[in-house]
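First comes the structure, then the notes that go with it.
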Protein chains: 4
Amino acid sequence: MAGNKESKKEELVQKRSVQILEAAARVFAQKGYHAATTKEIAAQAGVSEGTIYNYFQSKEDLLLSIPRLISETTLLPPLTQIQATPTTSGEEEEKLLIIVLDKAFQTFQHNVDFLKVLFSALPTMDEETLEEYLRRTPLHLTQVLEEFLRIRIAQGVYRPMDTTVLARAFMGMIMIFMLTQEVLPGKRVFASVDYKAIGREIVQLFLHGVLAHPGQGEVA
Amino acid sequence: MAGNKESKKEELVQKRSVQILEAAARVFAQKGYHAATTKEIAAQAGVSEGTIYNYFQSKEDLLLSIPRLISETTLLPPLTQIQATPTTSGEEEEKLLIIVLDKAFQTFQHNVDFLKVLFSALPTMDEETLEEYLRRTPLHLTQVLEEFLRIRIAQGVYRPMDTTVLARAFMGMIMIFMLTQEVLPGKRVFASVDYKAIGREIVQLFLHGVLAHPGQGEVA
Amino acid sequence: MAGNKESKKEELVQKRSVQILEAAARVFAQKGYHAATTKEIAAQAGVSEGTIYNYFQSKEDLLLSIPRLISETTLLPPLTQIQATPTTSGEEEEKLLIIVLDKAFQTFQHNVDFLKVLFSALPTMDEETLEEYLRRTPLHLTQVLEEFLRIRIAQGVYRPMDTTVLARAFMGMIMIFMLTQEVLPGKRVFASVDYKAIGREIVQLFLHGVLAHPGQGEVA
Amino acid sequence: MAGNKESKKEELVQKRSVQILEAAARVFAQKGYHAATTKEIAAQAGVSEGTIYNYFQSKEDLLLSIPRLISETTLLPPLTQIQATPTTSGEEEEKLLIIVLDKAFQTFQHNVDFLKVLFSALPTMDEETLEEYLRRTPLHLTQVLEEFLRIRIAQGVYRPMDTTVLARAFMGMIMIFMLTQEVLPGKRVFASVDYKAIGREIVQLFLHGVLAHPGQGEVA
DNA sequence: TATGAATGAGACTTCATTCAT
DNA sequence: AATGAATGAAGTCTCATTCAT
């Protein structure tokens, strides 16, 4: 009985804590960390300013705690699934990669606010906090992707290349679309493109390159 | 005489103005727009706080004026130069693209502080200011690149693809390295790679893709 | 039965009230009245913050109630005892006074926390509260001492002097040692001396003065 | 010329700094350190709250800086003067001591606010600050007095006694009158006495003690 | 009766901006 | 034109007190 009460209380504390943290993330994303005020966070959370400090030590503590909100993003399932099936045709590979890309775009889109907070607070963050953030960021998937590339190369499906550069370049192609379409508030500068179409083109580029006659200039 | 004096005065005003603006850009880049103080900007510029307000209306005015410092970045010369010579072999194209990439990396590197300012002040900027910033950003080169791609496709050197997506994806590959190597202060998360090597790999990927046997699965 | 229950309840209330009050006195003494927080008092008392307000109206009420903790200090027993026996020799008087002094030091030492509370809250106290405090303070013994002095003078044991000044001066000699040895946290400034030794010297001074040849310069 | 301007400016800074510090001391003395607000200090100083922070780092810095206001109090001149003239009669000695006492009372009276600040902030002060305060306090004269007593004993004017205890006891007699007449706001508890009278009585007590027939009970 | 989460007034402090010199 | 002291609005945070459970 008492235990029940205890756990109920803990649950409430947890709930309130998340409620405030989400409000903070929202306001941080919208106004930027420094321009955000505890007053507005409190309003967004539907509590008084004082209440914030019953759950967090400071405004900075809110910033540091935001990563806790986000479960570590992962593309692992789809990627490891693909690793298991070495493809024999380019078409087959394309289909698989498009699945991965879709998943990546979804993850990014889901975490756009998180990215905005990260960007707005960048100069303030110490290295430790930054890493904590990056760990929850799809950027971090680069390492998973690298492992996948190594396997594909070993399988002879991909040419031998620098996997570090390759993986990061691939993420870069994804990220720039998130940046230009989701993060940068002015959508007027960059035309918005449908993610399905983007996915197809990126995969094409990634697999085949742009050359019309690939046989020529092949690398030794 | 009077005119001379006039112009000399204007010149001085111009000089002082730039001196302050550069200090502001430096401090904004380092601390972030909101965390930066006019006091520190004044110190960096070697003037008093009051003097800033003889040249700029407000702290925000400094932010808005920073783009004036940067001549609109352009890859136009190398790109248009390349356009003029339709290549016949992949090798030849590689050499040309590497030149372009080097130039792009240099431009980005030169503007890292500018990018940092942009990122730190993103949530504060109105759309107009944002565009003003983006115009000075290598990101903006996407449009130039797009034009180049259209020509190459017309020349039959590149396959027909969506040039908007293609150009932006290419910039994304450049940008993610700038981001991970120059902007993000924690260099521990992402291994640092030499730009020459990056350039070569990106061009390889861009031209040929990753597939070991490109003949297969070729797009129709 | 009901009455029994009633009285039991009252007893409990009394107990809880004292428990809180003692905690408050402890914390007030340590941190000073204003720097002390109800939170810490609650923790010290082993109750919740809310409970404090079931027994006391406010933090200030705690301050006002602390004197209730202290029974009015009194040196009356030893002093009246002494009064009864007019001494004939200085040696005899010395012995008696040393007993009084010991008792006074003990009383002071026992009330050091009380004194600290008084000092820390002095500027906040209204005159009434201050008097309530002073009444529980050994300082208040001055009046008792004065009566003793009057009697000794009447007995011809002491010279005729201003008893008000004399009594207070005597208390001052006691108090400065309490102050320098117990209240002032920095024990480095004033060397600590054993109270027995202090007692002997003070009594010597009080009875005989410092002059080596008292016969000379005697007051008329 | 420039130097003149410089020094004028420095002088102004010095002036403003003192102006604020004196206001702070006044408010601290009246309300106690913790209950005092920067708002009231600013009002008392006739400046805005922000201005305080152009001269002091924090409210605590004000507390730490207050001793700077007070030149180190000293009774040295009168005491060393007396030392030079070993007295032969008690009457002579009385006259000299009364001068010293008057000076001491004046010093104390002049520093009453300072003492109040010290008392109010006692629990907050670290040892270093406390010492800084005590150094400006007449309490500190104990050491000077002690030296005087040693000499008088060596001169054979005073009996051999523990000078540490003796000196402090003497200061205690002075201090308790300052405490009861100047520091404790309620003057109702202790009757106020004229300092001249107090001085005479204290000196009497100090030199001759209270015994009517000092020849008896003399110490061996 | 006991609890402790919620409150909000108010404290300290920062900093962009002004203005007399 | 340059200075930098003064300003005061606004921000972060604390804490005595309340009240639903």
Side-chain angles (χ1 to χ4, degrees), chain A residues 5 8-9 12-13 15-17 20 34-42 45-62, chain B residues 9 12-13 16-17 20 34-43 45-62, chain C residues 9 12-13 16 20 34-43 45-62, chain D residues 5-6 8-9 12-13 15-17 20 34-42 45-62:
Chain A
K5 221 178 203 170
K8 232 181 203 167
K9 199 176 282 180
L12 266 174
V13 165
K15 209 172 208 168
R16 191 49 68 91
S17 166
I20 292 171
H34 277 98
T37 65
T38 50
K39 186 174 184 167
E40 188 165 3
I41 293 169
V47 299
S48 75
E49 277 192 82
T51 299
I52 294 176
Y53 291 86
N54 287 339
Y55 294 87
F56 299 92
Q57 293 188 339
S58 63
K59 188 183 168 188
E60 196 187 359
D61 190 24
L62 283 170
Chain B
K9 196 182 275 181
L12 265 173
V13 164
R16 194 46 74 87
S17 165
I20 291 170
H34 277 98
T37 64
T38 50
K39 186 174 187 170
E40 189 166 3
I41 293 169
V47 299
S48 73
E49 278 189 83
T51 300
I52 294 177
Y53 289 84
N54 287 336
Y55 293 88
F56 298 92
Q57 292 185 344
S58 65
K59 189 182 169 187
E60 197 187 357
D61 189 24
L62 284 170
Chain C
K9 195 182 275 180
L12 264 173
V13 165
R16 192 48 73 88
I20 292 171
H34 277 98
T37 64
T38 51
K39 186 174 187 169
E40 189 165 2
I41 293 168
V47 299
S48 73
E49 278 189 84
T51 300
I52 294 176
Y53 288 84
N54 287 336
Y55 293 87
F56 299 92
Q57 292 186 343
S58 66
K59 189 182 169 187
E60 197 186 357
D61 189 25
L62 285 170
Chain D
K5 221 178 204 171
E6 264 315 287
K8 233 180 202 167
K9 199 175 282 181
L12 265 174
V13 164
K15 209 172 208 166
R16 191 50 67 91
S17 166
I20 292 170
H34 278 99
T37 66
T38 50
K39 187 175 184 165
E40 188 165 1
I41 293 169
V47 299
S48 74
E49 277 192 81
T51 299
I52 294 176
Y53 291 85
N54 287 339
Y55 294 87
F56 299 92
Q57 294 188 338
S58 63
K59 188 183 169 189
E60 196 188 357
D61 191 24
L62 284 169

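Here is the naming used below: chain letters follow the sequence lines, and residue numbers restart at 1 for every chain. Note that the structure is a prediction, hence the values are computed from the model and not measured. Scope of the values below: all heavy atoms of this structure, side chains included, with no hydrogens, waters or symmetry mates.
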Work out which heavy atom in [X] is nearest to a heavy atom in [Y]; give both atom names and the distance.
{"X": "A:Tyr53", "Y": "A:Ser58", "value": "CE2-CA, 3.8 Å"}
{"X": "D:His34", "Y": "C:His34", "value": "CB-CB, 3.3 Å"}
{"X": "C:Ala45", "Y": "C:Ile20", "value": "CB-CA, 4.0 Å"}
{"X": "C:Ser48", "Y": "C:Ala42", "value": "C-CB, 3.7 Å"}

Considering only [options], which nucleotide approaches the side chain of [X] most closely?
{"X": "D:Glu49", "options": "F:dA16, E:dC12, F:dA6", "value": "E:dC12"}
{"X": "A:Tyr55", "options": "F:dA5, E:dA6, E:dA2", "value": "E:dA6"}
{"X": "C:Thr37", "options": "F:dA16, F:dT3, E:dT13", "value": "F:dA16"}
{"X": "B:Arg16", "options": "E:dA6, F:dT3, F:dA2", "value": "F:dA2"}

Using whole Å, what does the distance between atom [atom2] of nucleotide [N] and atom [atom1] of [X] come to?
{"X": "A:Lys59", "N": "F:dT14", "atom1": "NZ", "atom2": "C1'", "answer": "18 Å"}
{"X": "D:Ile52", "N": "E:dT14", "atom1": "CD1", "atom2": "P", "answer": "12 Å"}
{"X": "A:Asp61", "N": "F:dT12", "atom1": "CG", "atom2": "C1'", "answer": "14 Å"}
{"X": "A:Ile41", "N": "F:dT12", "atom1": "CD1", "atom2": "P", "answer": "7 Å"}
{"X": "D:Phe56", "N": "E:dC12", "atom1": "CZ", "atom2": "P", "answer": "15 Å"}
{"X": "D:Glu60", "N": "E:dA11", "atom1": "CD", "atom2": "P", "answer": "19 Å"}
{"X": "A:Leu12", "N": "F:dA20", "atom1": "CG", "atom2": "C1'", "answer": "13 Å"}

Checklist line | Base partner of E:dA2, which must satisfy Watson-Crick or wobble distances under 3.5 Å | finding: F:dT21
Check: Does E:dT14 have a Watson-Crick or wobble mate here (both distances under 3.5 Å), and if so which one?
Finding: F:dA9
Checklist line | Min side-chain heavy-atom separation B:Arg16-B:Val47 under 4.5 Å | finding: yes
Next item on the list: Report yes if the side chains of C:Ile52 and C:Leu62 come closer than 4.5 Å at any heavy-atom pair, otherwise no.
Entry: yes
Are any of [X]'s side-chain N or O atoms less than 4.0 Å away from OP1 or OP2 of [N]?
{"X": "A:Thr51", "N": "E:dA6", "value": "no"}
{"X": "B:Lys39", "N": "E:dC15", "value": "no"}
{"X": "C:Thr38", "N": "F:dA16", "value": "yes"}
{"X": "D:Tyr53", "N": "E:dT14", "value": "no"}

Check: Taking for each residue the nucleotide of DNA chain F with the nearest heavy atom, is it D:Val47 or C:Gly50 whose nucleotide lies nearer the 5' end?
Finding: D:Val47
Next item on the list: Give one of base, sugar-phosphate or nothing for D:Ala36, where a contact means two heavy atoms less than 4.0 Å apart.
Entry: sugar-phosphate
Note to self: Counting distance alone, no hydrogens or angles: does the base of F:dA1 have a donor or acceptor under 3.5 Å from a partner atom on the side chain of B:Asn54?
What the structure shows: no
Check: Relative to the 5' end of DNA chain E, which residue comes earlier, D:His34 or C:Gly46, by the nucleotide with the nearest heavy atom?
Finding: C:Gly46
